[in-house]
Peer 1: 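One structure follows; several queries about it will come next.
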Amino acid sequence: MNRQLAVAPTPHRTATTPGTAATRTPAARTTGTPGAPGASAPGTPTLGTAGLVTVLLGAFLPMLDFFIVNVALPTIDEDLAAGPAVLELVAAGYGIAFAVLLVLGGRLGDIFGRRRLFVTGAATFALTSLACGLAPDAWSLVAARAAQGASAALLIPQVLGTITAATDGARRGRALSVYGAVGGISVVIGQVLGGMLVAADLFGTGWRSVFLLNVPFALLAVVLAVRYVPESKAPRAARVDVPGTVLLTATLLSLLIPLMEGRAAGWPLWSWVMLGLFPVLAVSFALVERRAERRGDTPLVPPTLLRIPEMRRGLGIALPYFAGFGGFMFVIAVALQQGLRLGPVAAGWALVPMAVGYFSASLAGPRLIGRWGSRVLSAGAVVQATGLAVLAATVLADWTHFSPLRMAPGVALAGIGQGLIGTPLFRVVLSKVPATRAGVGSGVLATSQQSSLALGVATLGTLYLSLSPGLGMGRALALCLGIQLLGSFTILYLTTRLPRSIG
């Protein structure tokens, strides 16, 4: 939906060095002298520092909103009399719409131009955030959240697609590392900021400020993108893969809807039918995409793209990493507020050590990756596992006196480990994706990220809410941490399959 002026990336680009005219000029494209040191090939879009900051702002807002609502749910329930099932839809509707439309958003960016889709996505995100903030009742909020998720799906793939198409070499590696850091930090900051906004009750807005805050920043991203973000799109526009889009949407919906809503609805027959349809739809999607590529068409998710070792293995790491991350953030928010009876501010601030750990690891990440390569991800898996084990032991030792102070060592270690994994992960997955397929590659990665986050919330969240009445809040939390610990060991094994050097 964003409008972009078509500047097709050429197969070869020369990295732009600081101090060249390309770096200093804020224009959307660079026309350096061919062959000159530090100049880009004629017509090649180059993403400068201001453009990178702009697209990262566009990435920060949708990822922030995935979790900022967690600590606001009790207040929303109180104000709108939503009930548990509708509350889960407030959280789930955004994630489901976000996940199912991401690959389509990447394809549309390839066709119509990534800046065009970025601008339209950011503007739509501002409008839908305003609709969420002004929602008069619970069902209006659910509809606005789903529309907000759809607008985020237009926005996020253009960020990764622009970085991949308009940077190369070390600059691309650094930009992808920063993107990975922004993704993780936004999740933690979301819950901290959400608690502060709800408690502050700015101008009597209460929980509505959680959504209204997006509006000025999304509009700022629109203005900056028009000036600083270069236009890029695939040189040969492919048609939208309608059968693939429909099947991918149906596949994700058949898994995420019953997992997210089944427990609240009492696991009715429809939830089991949808889960049973999931493997059938997944296989059908794979067969349709393979057949389309053999015919010479351009499928939504090209199977040849998944044959790139770095992408295939990186996506294998992304599933347990993001599922564990998403599940942890949801479960810990519920445990702190319902189990320990902490207010939204205290529950948010309890995660500050994690944010500090993640941010510190993210800052050191690019330098460590340059020296140690994929061993950084392996070290991150070990540190994350240590943090989760420490946190689980603290919970089991004395749940009645469990507090944000006592959980600080565990969550800080977990945050450091997550930063060491998440920062280079995007760099690994997209390192060998050609610029001409930047949009679809970015869409596949973003879909994996958001689907895994939603899957983690659905599975670990449902497990925690189901077990806590019988086991107690503390033991149920320890069990969920134990499951995430197994995920860390899985990540550790998969990192050993990566090439040592990360491009």
Side-chain angles (χ1 to χ4, degrees), residues 1-6 28 51 53-69 89-136 139-163 182-183 186 190 208-229 231-233 240 245 249 252 439 442-443 446-447 449-450 453-454:
M1 292 215 242
N2 298 5
R3 286 186 228 139
Q4 296 172 301
L5 306 172
V53 171
T54 301
V55 295
L56 290 176
L57 173 61
F60 179 79
L61 293 174
M63 290 189 280
L64 180 83
D65 260 54
F66 197 102
F67 285 98
I68 198 171
V69 74
L89 277 175
V90 170
Y94 178 85
I96 291 171
F98 198 168
V100 301
L101 295 174
L102 271 166
V103 177
L104 178 61
R107 172 58 57 83
L108 292 175
D110 282 348
I111 296 172
F112 297 110
R114 298 180 186 108
R115 184 176 63 188
R116 178 177 296 176
L117 267 292
F118 182 93
V119 169
T120 304
T124 309
F125 192 79
L127 289 174
T128 53
S129 295
L130 181 63
C132 289
L134 300 178
W139 284 107
S140 298
L141 180 57
V142 169
R145 280 285 283 173
Q148 190 188 32
S151 65
L154 293 175
L155 183 57
I156 285 287
Q158 317 321 322
V159 176
L160 284 168
T162 298
I163 290 173
V182 166
S186 65
R208 298 177 187 274
S209 61
V210 166
F211 302 110
L212 296 176
L213 181 72
N214 293 325
V215 178
F217 289 102
L219 293 177
L220 176 63
V222 170
V223 173
L224 293 176
V226 171
R227 179 168 176 78
Y228 293 111
V229 175
E231 186 55 287
S232 65
K233 67 179 183 179
V240 173
T245 301
T249 301
L252 292 173
S442 303
T447 297
Q449 178 188 14
Q450 298 304 322
L453 284 170

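Residue numbers run from 1 in the order of the sequence given.
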Peer 1: If every non-hydrogen atom of S129 is compared with every non-hydrogen atom of V215, which pair is closest and at what distance?
Peer 2: CB-CG2, 4.3 Å
Peer 1: Which value, rounded to the nearest 0.5 Å, describes the distance between L130 atom CG and N214 atom CG?
Peer 2: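 Between L130 CG and N214 CG, I get 10.5 Å after rounding to 0.5 Å.
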Peer 1: Report the residues that fulfil side-chain contact (heavy atoms from CB on, under 4.5 Å) with A454, sequence neighbours left out, ordered by chain and then residue number.
Peer 2: F66, L256, M260
Peer 1: At what distance, to the nearest 0.5 angstrom, does CG of L108 lie from OG1 of T120?
Peer 2: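 With rounding to 0.5 Å, CG (L108) is 10.5 Å from OG1 (T120).
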Peer 1: Would you tabulate the side-chain donor-acceptor contacts of residues 91-99 under 3.5 Å, counting partners in other chains and residues two or more places apart, or write 'none'?
Peer 2:
from	atom 1	to	atom 2	distance (Å)
Y94	OH	P62	O	2.6

Peer 1: Locate the shortest heavy-atom distance separating P157 from A152; write the atom from each residue and the value.
Peer 2: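 Looking at all heavy atoms of both residues, the shortest contact is CD-O, 4.3 Å.
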Peer 1: side-chain contact (heavy atoms from CB on, under 4.5 Å), that's the test. Do F211 and T128 meet it? Break it down for me.
Peer 2: CA-CA 9 Å; F211 302 110; T128 53; over 6 Å; no
Peer 1: For L224, check side-chain contact (heavy atoms from CB on, under 4.5 Å) against everything at least two apart and list the hits.
Peer 2: T54, L220, Y228
Peer 1: Compare every heavy atom of L219 with every heavy atom of A126, then report the nearest pair and how far apart it is.
Peer 2: CB-CD2, 3.9 Å
Peer 1: Would you say L102 and Q449 make side-chain contact, with heavy atoms under 4.5 Å?
Peer 2: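 Not in contact.
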Peer 1: To the nearest 0.5 Å, how far apart are NZ in K233 and CD1 in I111?
Peer 2: 9.5 Å
Peer 1: Side chains of T447 and L252, heavy atoms from C-beta outward: is any pair under 4.5 Å?
Peer 2: yes
Peer 1: How close do G51 and V229 get, counting heavy atoms only, and between which atoms?
Peer 2: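 It is O-CG2, 4.0 Å.
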Peer 1: Does the Q158 side chain pair with the main chain of G105, one donor and one acceptor, at a distance under 3.5 Å?
Peer 2: yes
Peer 1: So which heavy atom on L155 is nearest to which on G58, and how close?
Peer 2: CD2-O, 3.2 Å
Peer 1: I'd like to check the side-chain contact (heavy atoms from CB on, under 4.5 Å) partners of V142; sequence neighbours left out, ordered by chain and number.
Peer 2: V86, L89, V90, W139
Peer 1: Only counting residues at least two apart or in another chain, list the ones meeting side-chain contact (heavy atoms from CB on, under 4.5 Å) with T249.
Peer 2: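 Checked T249 against side-chain contact (heavy atoms from CB on, under 4.5 Å); matches are V100, T245, L253.
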Peer 1: Would you mind listing every salt bridge (Lys or Arg N to Asp or Glu O under 4.0 Å) that reaches into residues 141-151, with sequence neighbours excluded?
Peer 2: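 Residue pairs passing salt bridge (Lys or Arg N to Asp or Glu O under 4.0 Å), neighbours aside: D65-R145.
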Peer 1: What I'd like to find out is whether the side chain of C132 reaches to under 4.5 Å of the side chain of L141, using heavy atoms alone.
Peer 2: yes
Peer 1: Rounded at 0.5 Å granularity, tell me how far CE in M63 sits from CD1 in I156.
Peer 2: 4.5 Å
